[in-house]
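Worksheet: one structure, shown below.
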Amino acid sequence: MTDNTFDEEQQRYLKGVTAGLHIARGVPGMTGLTTGKRLRPDDFHSQARIRAQAMGGELTSQEQAKADLNPNDMWNEMVQFANAGEYPKGDDVFLMKGRGMFYVAPNQDSYMCRLRMPGGIFSSHQFRAVADLADTYGGGYTHVTTRANLQIREIGPKDPINVLTGLADVGLVVQGSGGDNIRNITGSPLAGIDPDELIDVTPYCKQMHHHILNHRELYGLPRKFNIAFDGGGRISALEGTNDIGFSAVMPKADGPLPRRPYFRMGLGGITGHKDFARDTGVMLKPEECVPVAHAVLHVFLANGDRTSRDKARLKYVLDRWGFDKFMREVQKQLPFTLRRYPLSRCEARHPVEKAGHISIHDHGDDKQYAGIVLPVGKLTIPQMHGLADLADRYADSKMRTTVWQNLLLGNVDKSDMNALVSGIEQLGLHVNASPARTGMVACTGSFGCKFANAETKGNALKLVDHLEATLDLDEPLNIHMTGCPNSCAQHYVGDIGLLGARVADPEADDPEEADQVDGFHVYIGGGYESEEGIARELATSIPVVHLNAYLENLLGLYLEERQDGERFVAFARRQEIDDLRKRLAERSDKAAAAQRESEEKAYSEAEAQADTPEEVKTERDDAATDDYDRTPDEAEAAQDGQRTG
């Protein structure tokens, strides 16, 4: 060569050769080949990065950032940013997520703080403290998330340390709540009070939570990781959507195992990539769950893809290796032999109550719980304080958040329930709701997330209002609205899933020069637990201004054609998609024709009653003027009325 430069392929080759030599020579701290040395937590990740480079891979920018500075060691940088009143830039934005602080510009020029609370069960004291921090340093509200968690939003540049220390003062640690870490451990929201549960999962959620906090090597994974425990009761924890899902089961009486609760372990759930966790065939005693999860995590951190963010989740290791090879590697990490047991020899799970997270329900011993409807997860500061006061006065001082973005208060004496409901309503909240409102789930959307293609929470509430005004739904219905393909709201598991998209403005004068506006792709037939399945695409790029009418048409057809009160998921799954699209178009055309006929009839009647053509013209002009003077909301209400007339 005539100079000292190397092209990209040559550089990649040299990096691979160098990394291979490091492994072969047993560089201290870089490989387990050295004898008599105990690996440090960060060394496990160093090994994985070197292995990826030795195979000719190029580390992602996030992997390189983690190699340069472990996110757990960001405290000094965070203090410096806060003291200077500055937000992070470049890799520091990514690294700060590992400490629970998300700089969410450009959608909001502020931080969002995501908490950790195993099982989603807060004390009333902690709930008040979060409210006070959100009031003092945030935007004056919180959001309940789809992992039964809380977010504080609109935190200014000087205040992240104040928020983190304030949370720590009441026992709330947010370490690893973002970035390439294990997210909040979810569990059954009625844990400990559900009369139908096989086991109270609270202790195991807490053990997993503290195990993570105290094992540094479990941070900085190839990508984020989700774990859930389901106790087998009336409300699902959606464990099948997690990387590891522990599902409580009871062996049948005629089998070799004693009649006591065990956990089945499922692996690889990531519904945004159209996959539920699949049963491994492993049957675990409750006390074995945490060590087995640790072993799974070690295999994943060593073998997950660190060269592609799109393929870095556990699912893709399982796809590449198969379950048998993966579980053999897990077994090597354990001091005990994994117990294989057929699922067919376990009793069926207790039926899930699809709307069991809303309204008033008995849970034994003259006790009840109240499921409180939150507007797609949002809580104001007065509401948080008020609910905490009600929990202390009438319930058990526990605030149970759910993956459905609502909140439960349990252990309420039946004699106190009316007073509790009255107090809830005085806060502007309710315990009863329509099927559409009960099952509406929405992610943050473009309001606060740079990845979102559409605004979600506001559009979700408008959709619910419209469906309540136009349809008489009488069966549980889950509608999941998510802003982007990351699918934080898990659109593939909803009866109806809505995925945000950018679409051409349908009201533009020139379609070729139309601005991009909010729109949604529509999916139908998703479900979980006994209805588990991935929703199918029905329509693409529906502008948000047409979305309400489109779903009114879809659900109207369902109400007309359902068989013996069947639920929407069953109706959707027996449809041939192309035929359903055709019938929806015909139904829409008939509705439009009926509206035109109604308008023409109204004009004809006006002409018949008028004395002169001039009076008819005046009446029409007056009507047009009335339409012009209407507010946008009044005009939309009038149009909705015409569509349903």
Side-chain angles (χ1 to χ4, degrees), residues 87 93 96-97 100-115 130-131 133-135 137-157 159-160 163 177-178 183 272 373-381 383-384 401 403-407 428-429 436-437 440-466 479-491 494 497-503 505 515-521 541-545 547-548 632-633 636:
Y87 290 113
V93 174
M96 281 184 67
K97 293 178 182 179
M101 280 291 167
F102 296 67
Y103 179 44
V104 292
N107 299 68
Q108 290 179 330
D109 192 25
S110 59
Y111 290 107
M112 177 270 286
C113 180
R114 181 186 292 153
L115 278 58
V130 174
L133 290 168
D135 192 27
Y137 303 116
Y141 62 91
T142 62
H143 284 160
V144 177
T145 76
T146 54
R147 290 201 66 76
N149 203 352
L150 287 173
Q151 290 179 355
I152 302 173
R153 304 194 74 91
E154 300 186 44
I155 300 168
D159 295 321
V163 173
S177 64
R183 303 298 173 81
V373 185
L374 307 181
V376 283
K378 186 174 182 179
L379 279 166
T380 66
I381 304 308
Q383 287 171 339
M384 293 183 72
T401 55
V403 297
W404 311 107
Q405 296 182 301
N406 71 305
L407 187 141
L429 300 171
R437 196 172 297 273
M440 176 59 77
V441 175
C443 71
T444 300
S446 58
F447 164 76
C449 177
K450 67 180 181 181
F451 299 110
N453 293 316
E455 205 278 327
T456 53
K457 290 186 181 293
N459 285 326
L461 292 175
K462 290 178 182 177
L463 173 59
V464 167
D465 290 342
H466 180 84
I479 303 176
H480 292 233
M481 182 179 283
T482 198
C484 77
N486 288 327
S487 193
C488 291
Q490 303 187 97
H491 64 287
L498 303 172
L499 172 60
R502 302 307 293 164
V503 304
D505 185 351
D515 292 334
Q516 295 289 295
V517 297
D518 287 5
F520 289 90
H521 307 315
S541 302
I542 303 292
V544 73
V545 295
L547 182 66
N548 293 357
D633 290 342
E636 182 179 358

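Values reported hereafter were calculated over all heavy atoms of this structure, with side chains retained and with hydrogens, waters and symmetry mates removed.
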Min side-chain heavy-atom separation Lys462-Val544 under 4.5 Å
no
Provide the closest heavy-atom pair for Pro485 versus Leu499 in the form atom of the first, atom of the second, distance.
N-CD1, 3.6 Å
For Val130 and Leu115, what are the C-alpha separation, side-chain angles and deciding distance, and is it a side chain to side chain contact (heavy atoms under 4.5 Å, CB included)?
CA-CA 9 Å; Val130 174; Leu115 278 58; 3.7 Å; yes
A side-chain contact here means heavy atoms from C-beta on lying under 4.5 Å apart; do Met440 and Leu463 qualify?
yes
Okay, side chain of Asp518, backbone of Glu455: is any donor-acceptor separation there less than 3.5 Å?
yes
Side chain proximity check, Leu133 to Ile152, heavy atoms < 4.5 angstrom:
yes
For Ser487, which residues count as a side chain to side chain donor-acceptor pair (under 3.5 Å) partner, sequence neighbours excluded?
His491
Scan for side chain to side chain donor-acceptor pair (under 3.5 Å) pairs involving residues 103-114, sequence neighbours excluded, and state none if there are none.
Tyr103-Asp109, Gln108-Arg153
Heavy atoms only: give me the nearest Gly519-Ala454 pair and the separation to one decimal.
O-CB, 3.9 Å
Residue pair Cys443 / Cys488: nearest heavy atoms and the distance that separates them:
CB-CB, 4.1 Å
Can you tell me how far the CD1 atom of Ile542 sits from the CG atom of Leu498, to the nearest 0.5 Å?
10.0 Å
For the CG atom of Leu374 and the CG atom of Leu407, what is their distance to the nearest 0.5 Å?
6.0 Å
I'd like to know if the side chain of Lys457 reaches the main chain of Ala442, judged simply by a donor and an acceptor atom lying under 3.5 Å from each other, with no hydrogens or angles considered.
yes
Nearest 0.5 Å, what's the OG1-CG distance between Thr145 and Leu150?
7.5 Å
Using a cut-off of 6.0 Å, state whether more than 12 heavy atoms not belonging to Phe451 lie near its atom CZ.
no
Is the side chain of His480 donor-acceptor paired with the backbone N or O of Val441 at a distance under 3.5 Å, no angle test?
no
Looking at every heavy atom in both Gly156 and Pro160, which two are closest together, and how far apart are they?
O-CD, 3.5 Å
State, to 0.1 Å, how close Met101 and Cys113 come at their nearest heavy-atom pair, and which atoms those are.
CE-CB, 3.7 Å
Thr456 OG1 to Leu461 CG distance, which is reported to the nearest 0.5 Å:
9.5 Å
Could you go through Val517 and Val503, starting from their C-alpha distance and side-chain angles, then the distance that decides it, and tell me whether this counts as side chain to side chain contact (heavy atoms under 4.5 Å, CB included)?
CA-CA 5 Å; Val517 297; Val503 304; 3.9 Å; yes
For the pair Asp159 (side chain) and Ile155 (backbone), establish whether a donor and an acceptor sit closer than 3.5 Å, ignoring hydrogens and angles.
no
Does a side-chain heavy-atom distance below 4.5 Å link Val144 with Asn149?
no
Do Ser177 and Arg183 make a side-chain contact, defined as non-hydrogen atoms from C-beta onward lying under 4.5 Å apart?
no
Can you tell me how far OG1 of Thr146 sits from CD of Gln405, rounded to the nearest 0.5 angstrom?
6.0 Å
Where is the tightest heavy-atom contact between Ala452 and Cys484, given as atom of each residue plus distance?
CA-CB, 4.1 Å
Quick one: pull up CD in Gln151 and OH in Tyr141 and give me the separation to the nearest 0.5 Å.
9.0 Å
